[in-house]
Amino acid sequence: MDAGLPARRRREMAAAISGAGRCRLSKVGAGRRPPPARVRVAVRLRPFVDGTAGENDTPCVRGLDSCSLEIANWRNHQETLKYQFDAFYGERSSQQDIYAGSVQPILRHLLEGQNASVLAYGPTGAGKTHTMLGSPEQPGVIPRALMDLLQLTREEGAEGRPWALSVTMSYLEIYQEKVLDLLEPSSGDLVIREDCRGNILIPGLTQKPITSFADFERHFLPASRNRTVGATRLNQRSSRSHAVLLVKVDQRERLAPFRQREGKLYLIDLAGSEDNRRTGNKGLRLKESGAINTSLFVLGKVVDALNQGLPRVPYRDSKLTRLLQDSLGGSAHSILIANIAPERRFYLDTVSALNFAARSKEVINRPFTNESLQLPVLAPVKLSQKELLGPSEAKRARGPEEEETESPELPIAPASASQKLSPLQKLSSMDPAMLERLLSLDRLLGSQGSQGTPLLSTPKRERMVLMKTVEEKDLEIERLKMKQKELEAKVLAQEAADPKEKENYSTTMLRPLARRTVTVAKPLKKAVVMPLQLIQEQAASPNAKIHILKKKGRKRKLESLDASQPEKAEDGWELQISPELLAHGRQKILDLLNEGSARDLRSLQRIGQKKAQLIVGWRELHGPFSQVEDLERVEGISGKQMESFLKANILGLAAGQGCGPS
Ligand SMILES: Nc1ncnc2c1ncn2[C@@H]1O[C@H](COP(=O)(O)OP(=O)(O)OP(=O)(O)O)[C@@H](O)[C@H]1O
């Protein structure tokens, strides 16, 4: 990748061709901006609830049609305020109406590898939990969506269909600005991070594979009991936290090119905004309420910033908005269900919820397909080894505790899919580079109309022979390259020893075109490519003048490393490191960044103990660096530091003097 590109563009390109871990994830249609999808907003009015209505508590809001409603105007009693939304559900609407009208239509996007989210918003006691969770008699959005999604994935992932599908769930709450894992409450406060593609993730969050609704209930019901609820004057069972259910659908293509897709569904039951003059909250309840109101206030600021197109959207000002970064102004198909109560005593809360909902209508998301074109790393190597044993041995070898994989990073395919894909899983234990070559060879054979058996399904021995041939060809190319370098070195060494001989050599021996440097701006200067050995000698000599290519603004210019010595164009050697050598140096740095331990990294110039650890940490979280410039993404390493790091290391490593992993 061109180091001269602006950092932002570089990041975008990196995001398009690389991804978390070893996956090369790409946004489908990269280069083009994904089409916009407005956040859809529905309003649900709950009925009067027994026991909540006081004597003077008459309704202050009513529906007009399936999309609009009106509410009394407290400033002018002769008037009403009218609102229009994507959908309005009145007091008599059923759970099924809301689900079928507003939620079900977005589920299909998950199977396209896109993200979706459903948020229930509104004042305390207005019916958010009822809408999202419901009761056994009136199940809400969550059980209905899970039931349908599992059914859809079973159908789409059935044997004989092109994709194998697997579903996993995580469940968390944000309580007093802490992210708590409801499936594993002992985990403590978890951190929210963003990967290089802008996806929000929570390292360490438990992820349970689910294949049936019974599976889902087995995990979800006990976890729901872990959610923090408490009694307030306005709601006997008031949610004191924002609850987020995350359902991931992973898809793996069964045949070449073995694409992978990931769709995420967030189902969010927000805690209700609270007017503490009316809740009577004190002590802990008041503290909880403060955290809830603050995060909802930031949510309002985020929506306003998105609507006004402000350059800074304050996602990071609260955990809630940080987590919703994907869903608001991000990559998800989002639906906001604003719950309101009819009672007059909720009037101000209702107006404020309706105003928030109206502002949210204007927020534009850009959903894209999360698709990977990388090799079928289908399961951890541990699993592929079991697969290699064959189904019966694998069953014997597997203990009952291994029935279920709970790794956040490695979702597992349903049993039928993994059986069908077992030859691929065997391939997955190969060296990825080799497998990549094998795949391209396979594609090449395919494109040349080869009638024979596809390479990947040839028997093991033939495959090995073919792989060996590929390997030998590579070695041959390497040998030839080395030979060419030796010849060039010889010529240049002789030129250096006797400049008069130069002409003879230049007429009899042609230098390779790629190594010739044409200097248009300074025609008098000689641009000479030094052989590797000479570069090392020159670098070691105290009189040596070493020039490197340095990026300055948008232009590249030759700049002396030894600024104290004036340039002597005539009698000193002027070095220009060949692009190949620079690329070699960069590659070496990249290898070290990706493979070196913290100790190895410290052998690099400008990398101390702390930075080495930060690099290792970043790598663990985001996977390998796809280019040296990614170093800029590591916390605590600025663009400037990255440049000086490159300058300090590239030459040494290019010339083979630098350090390598010990
Ligand atoms: N559409 C509805 N039909 C019947 N009952 C409802 C409806 N919506 C809410 N309720 C009832 O109203 C009460 C409060 O609802 P719920 O707990 O869902 O509110 P909430 O918005 O989640 O409150 P909080 O923010 O305090 O958690 C509950 O008893 C619930 O069963």
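The analysis underlying the following values was restricted to heavy atoms, covering all of them including side chains, and did not include hydrogens, waters or symmetry mates. This one's a predicted model, so the numbers in the text were calculated from it and none came from an experiment. One-based numbering along the sequence shown. When a ligand or atom number is given, it counts from 1 through the structure's own listing order.
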Nitrogen or oxygen of [X] less than 3.5 angstrom from that of ligand 1:
X    : result
G127 : yes
T124 : yes
A126 : yes
T129 : yes

Over 60° means perpendicular and under 30° means parallel, so tell me whether Y83 and F85 are parallel, tilted or perpendicular.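 Y83 and F85: parallel rings.
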query = Just checking, is any N or O donor in the side chain of R144 or Q96 under 3.5 Å from an acceptor N or O on the other one?
reply = yes
Quick look: R44 vs ligand 1, heavy-atom contacts under 4.0 Å, and the answer is side chain
Short version for A120: what comes under 4.0 Å of ligand 1, heavy atoms counted, is neither
Only counting residues at least two apart or in another chain, list the ones meeting side chain to side chain donor-acceptor pair (under 3.5 Å) with N339.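 With sequence neighbours excluded, N339 shows a side chain to side chain donor-acceptor pair (under 3.5 Å) to T131, given in chain and number order.
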* With sequence neighbours excluded, residues passing side chain to side chain donor-acceptor pair (under 3.5 Å) with S318 ->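 Residues passing side chain to side chain donor-acceptor pair (under 3.5 Å) with S318: T321.
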Can you check whether L146 reaches L245 side chain to side chain, under 4.5 Å on heavy atoms? yes
Examine ligand 1 and decide if any of its atoms is less than 4.0 Å from a heavy atom belonging to [X].
X    : result
G125 : yes
M132 : no
P123 : yes

Checklist entry - Rounded to the nearest 0.5 Å, how far apart are NE2 of H333 and CG of N115? => result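 The NE2 atom of H333 sits 8.5 Å away from the CG atom of N115.
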Rounded to the nearest 0.5 angstrom, the CD1-OG distance for I142 and S224 is 7.5 Å
Of E91, K128, R46, the one whose closest heavy atom lies nearest atom 25 (O) of ligand 1 is K128
